[in-house]
Amino acid sequence: MKKIIPAVVAIVLIIIILGVAGGEVFFTRFGYSSEHRDLKEYYGLNGDSEVAVVLKDDIIDIKGRLIEGVCYLSYEDVCSLLTDRFYVDDNDGLLIYTTATALKISEIGDSGYYADAQIIPGADPTSYEIGGEYTQTQYPVSVYKDDTLYIALDYVKDYADFSYELYTSPARIHLRTEWGSRKVAEVKKKSAVRYQGGVKSDILKDVSKGEELTVIEELENWDKVMTSDAIIGYIEKKHLTDIRDESEDAVHTKAEDEYTSIKKDYTINMAWHAIYATSGNDTFDEYVNGTGTMSIIAPTWFTVSDNNGSYRSFARADYVKKAHERNMEVWAVLDNISISDVSTYEIMSYIGKRQRLIDSLMADVKEYDIDGINLDFELIPSEAVPHYVEFIRELSVACRREGIVLSVDNYPPQGGSNYGLKEQGICVDYVILMSYDEYWGSGGVAGSVASIGFVEQSIELTENYVPSEKIINAIPFYTRVWKTKGSDVTSDAIGMVQAAEFISKNGIQTVWDEEACQNYGEKEMGGTLYQVWLEDEDSISTKLNIMKKHDVAGVAEWQLGMEDKAIWSTIDKYVKNN
């Protein structure tokens, strides 16, 4: 017996040791990890001032900034996530938000803003004063840090509908811009939200019984969830109960801002009257006689003449008086075309110059009793486009106050770029689509000025940005006679009558080009190939049918004096039957 007891004890000890070792192995393999993950690493934060952004239920690759306890997002991130209507005027150090009726301006770095800013240009082209009601804030509205402009989220809430909650340790925000419904659940017992699904994954947060979680995705054994303080991870499905859908109330933080537009209760028939000197006004009667239902005439009166916001004017009061006597409106054109050495960027990138230009236009509107302004800015360099769009916004405020029409001419957007068509569709009364110059004089390739496919595609692409009831489609009253000799391709733009005479005089036979929906003719003469895609009654009728199909606001024509007068009866049918 004495010999047996030590043996038994030894065996028991061995069993205990093996049990402990096996338990350790079992726990190591199957037990729950108690390691907590570093949340700064989890959110990808560098430094104490960075703020992680959780958008709805996703950690996005954007970082905010915490400045004296206030949360900021960069200007670019505000534009991409919340609203793209903020405009930065770096030349003058201003942050501007333009509503339908007012400019709201804050000087960068200042703790306050002008709610209804009045810009008073000074004697110097770039000088100005800001007047109007000033509102103090408890924080800088915007500030530069490390060459990046940041805007306070509390300020942005006045201009965009969103909600956000700021959490600390580490700094993060939960940002919401859309609302609908969400799936929620309660925690059954004390548990943990882990970095990944699995008991060995690091803990992101310990959660208590009864705590409510948002269920992002239901999986087999683990569900992807978000805690009330915007930590996203995984929890065992068995630890959740009362899973249900909850509706969300939309958050409305921005002030109501209704963009009213002038809408004519008739189909628009507008034509440009090219005037290159004051005496050009004298052709009014000649050009207007026989134009039937033409309701709007757009004389090319105003051309920017320097980089300070001045313009050359050919305006005459008797012209407007004669138009009104014929029940026609006058939409005076402001362009950047015919005077060289003028920089659209230099004019548009200074608020003092923009307002000088706007003030002068409004003064002429009153002096000459003008009914509308038509902007025809072309060949705008890409760096000037944001400034031009802001000019359109600011001009729209002035036009709305005066009760006059603002229309803007645009290239067809086939190339993908445009001059802020989406914003134009909101701010202006009419967007005029110049659906011509499909093949242009210096393009080096012969082709139609405006084939039917090009015209319809132009309208369809524009409808992606602008409501059809705001689109006026412009058609050409000119034809190009193409001349190809070897590799040399040139063309002359001629009117409809002259084109018909050219065809007849040279015995050129025409055939209907089904693809272009135009009468096409060609002939080789003296070693040169002449080609013509005619703009005539047939081609214009087809274009008008496409416009009727898309229910656009009306038609515009470039330019008076180049048409065959007989074409007006064709246009009249479109106007009267639309």
Checklist line | Tyr419 side chain vs Ile380 backbone, donor-acceptor pair below 3.5 Å | finding: yes
Margin query: Restricting to non-hydrogen atoms, name the atom on Ile108 and the atom on Ser142 that form the minimum distance, rounded to 0.1 Å.
Written below: CA-OG, 3.5 Å
Check: Between Glu515 (side chain) and Asp513 (backbone), is there a donor-acceptor pair under 3.5 Å?
Finding: no
Next item on the list: Verify the distance criterion only: is there a donor paired with an acceptor across the side chains of Ser491 and Arg480 at less than 3.5 Å?
Entry: yes
Note to self: Less than 4.0 angstrom from a charged side-chain N to a carboxylate O is my criterion; do Asp92 and Lys353 meet it?
What the structure shows: no
Item checked: For the student: nearest non-hydrogen atoms of Ile275 and Pro299, plus distance -> CD1-CB, 3.8 Å
Next item on the list: Would you please say whether a donor-acceptor pair under 3.5 Å links the side chains of Thr303 and Asp335?
Entry: yes
Check: To the nearest 0.5 Å, how far apart are OG1 in Thr490 and CH2 in Trp482?
Finding: 8.5 Å
Check: Is the backbone N or O of Val552 less than 3.5 Å from a side-chain atom of Ser468, with the two atoms forming a donor-acceptor pair by type?
Finding: no
Item checked: Rounded distance (nearest 0.5 Å) linking atom OG of Ser458 with atom CD of Glu463 -> 11.0 Å
Check: Does the Gln136 side chain pair with the main chain of Ser111, one donor and one acceptor, at a distance under 3.5 Å?
Finding: yes
Margin query: Quick check for you: to the nearest 0.5 Å, what is the distance between Leu149 atom CG and Ile151 atom CD1?
Written below: 5.5 Å
Note to self: Can you see whether Asn91 engages Ser349 through a side-chain donor-acceptor pair at a distance of less than 3.5 angstrom?
What the structure shows: yes
Checklist line | Non-hydrogen side-chain atoms of Ile432 and Trp558 separated by less than 4.5 Å | finding: no
Notebook entry, point to check: Taking the side chain as C-beta and beyond, is there a heavy-atom pair between Ile508 and Phe502 under 4.5 Å?
Noted result: yes
Margin query: With a 3.5 Å distance limit and no angle check, can you tell me whether Thr253 reaches the backbone of Lys157 through a side-chain donor-acceptor pair?
Written below: yes
If you look only at distance, which donor and acceptor atoms sit under 3.5 Å apart when one is on a side chain in residues 355-365 and the other is two or more places apart or in another chain?
from   : atom 1 : to     : atom 2 : distance (Å)
Gln355 : NE2    : Glu394 : OE1    : 3.1
Arg356 : NE     : Asn308 : O      : 3.4
Arg356 : NH2    : Gly122 : O      : 3.0
Arg356 : NH2    : Asp124 : O      : 3.2
Ser360 : OG     : Arg356 : O      : 3.0
Asp364 : OD2    : Tyr311 : OH     : 2.6

Check: What closest approach, in Å, do Glu557 and Met270 show between heavy atoms, and which atom pair accounts for it?
Finding: OE1-O, 2.6 Å
Note to self: Out of the candidates Tyr319, Trp301, Phe284, only one should pair with His273 under the ring pair (Phe, Tyr, Trp, His ring centres under 6.0 Å) rule; please name it.
What the structure shows: Tyr319
Note to self: Taking the ring centre of each residue, are Tyr113 and Tyr155 less than 6.0 Å apart?
What the structure shows: yes
Next item on the list: Using a 4.5 Å cut-off on heavy atoms from C-beta on, say whether the side chain of Thr479 contacts that of Trp533.
Entry: no
Check: Going by heavy atoms in the side chains, are Thr542 and Asp538 under 4.5 Å from each other?
Finding: no
Item checked: Closest non-hydrogen atom pair, Tyr75 against Phe86 -> OH-O, 3.1 Å
Next item on the list: State the CD-CG distance between Glu563 and Asp536, to the nearest 0.5 angstrom.
Entry: 14.0 Å
Notebook entry, point to check: For Glu537, does the CD atom sit with more than 12 other heavy atoms under 6.0 Å from it, leaving out its own atoms?
Noted result: no
Check: So how far is it from Ile120 CD1 to Ser127 OG, rounded to the nearest 0.5 Å?
Finding: 11.0 Å
Note to self: Less than 4.0 angstrom from a charged side-chain N to a carboxylate O is my criterion; do Asp89 and Arg354 meet it?
What the structure shows: yes
Check: Distance-only, no hydrogens or angles: does the Thr83 side chain make a donor-acceptor pair with backbone N or O of Arg85 under 3.5 Å?
Finding: yes
Next item on the list: Could you note down all residue pairs passing salt bridge (charged side-chain N to carboxylate O under 4.0 Å, His left out) where residues 323-332 supplies at least one of them, sequence neighbours left out?
Entry: Lys264-Glu329, Asp285-Arg326, Lys321-Glu325
Notebook entry, point to check: Do Ile567 and Phe477 touch side chain to side chain, with heavy atoms closer than 4.5 Å?
Noted result: yes
Next item on the list: Determine the minimum heavy-atom distance between Ser448 and Ser451, stating which atoms define it.
Entry: OG-N, 3.0 Å
Next item on the list: State, with a plain yes or no, whether a side-chain heavy atom of Leu334 is found less than 4.5 Å away from one of Phe377.
Entry: yes
Next item on the list: Give a yes or no answer on whether the side chain of Lys523 reaches the backbone of Asn506 with a donor-acceptor pair at less than 3.5 Å.
Entry: yes
Next item on the list: Using a 4.5 Å cut-off on heavy atoms from C-beta on, say whether the side chain of Leu375 contacts that of Tyr388.
Entry: yes
Note to self: On a heavy-atom basis, which atom in Val156 and which in Val78 lie closest, and how many Å separate them?
What the structure shows: CG1-CG1, 4.1 Å
Note to self: Within the 4.5 Å heavy-atom criterion, are Glu469 and Asp551 side-chain neighbours or not?
What the structure shows: no
Check: For Asn307 and Ser343, what are the C-alpha separation, side-chain angles and deciding distance, and is it a side-chain hydrogen bond (donor to acceptor under 3.5 Å, both in side chains)?
Finding: CA-CA 6 Å; Asn307 291 332; Ser343 167; 4.8 Å; no
Note to self: So, taking the atom named CG in Asp409 and the one named CD in Glu378, what distance separates them when rounded to the nearest 0.5 Å?
What the structure shows: 7.0 Å
Next item on the list: Would you kindly say whether Tyr350 and His387 are connected by a side-chain donor-acceptor distance under 3.5 Å?
Entry: no
Notebook entry, point to check: Do Tyr478 and Asp437 have a side chain donor and acceptor closer than 3.5 Å?
Noted result: yes
Next item on the list: Determine the sole option in Lys543, Lys549, His550 for which the side-chain contact (heavy atoms from CB on, under 4.5 Å) test with Ile459 is passed.
Entry: His550
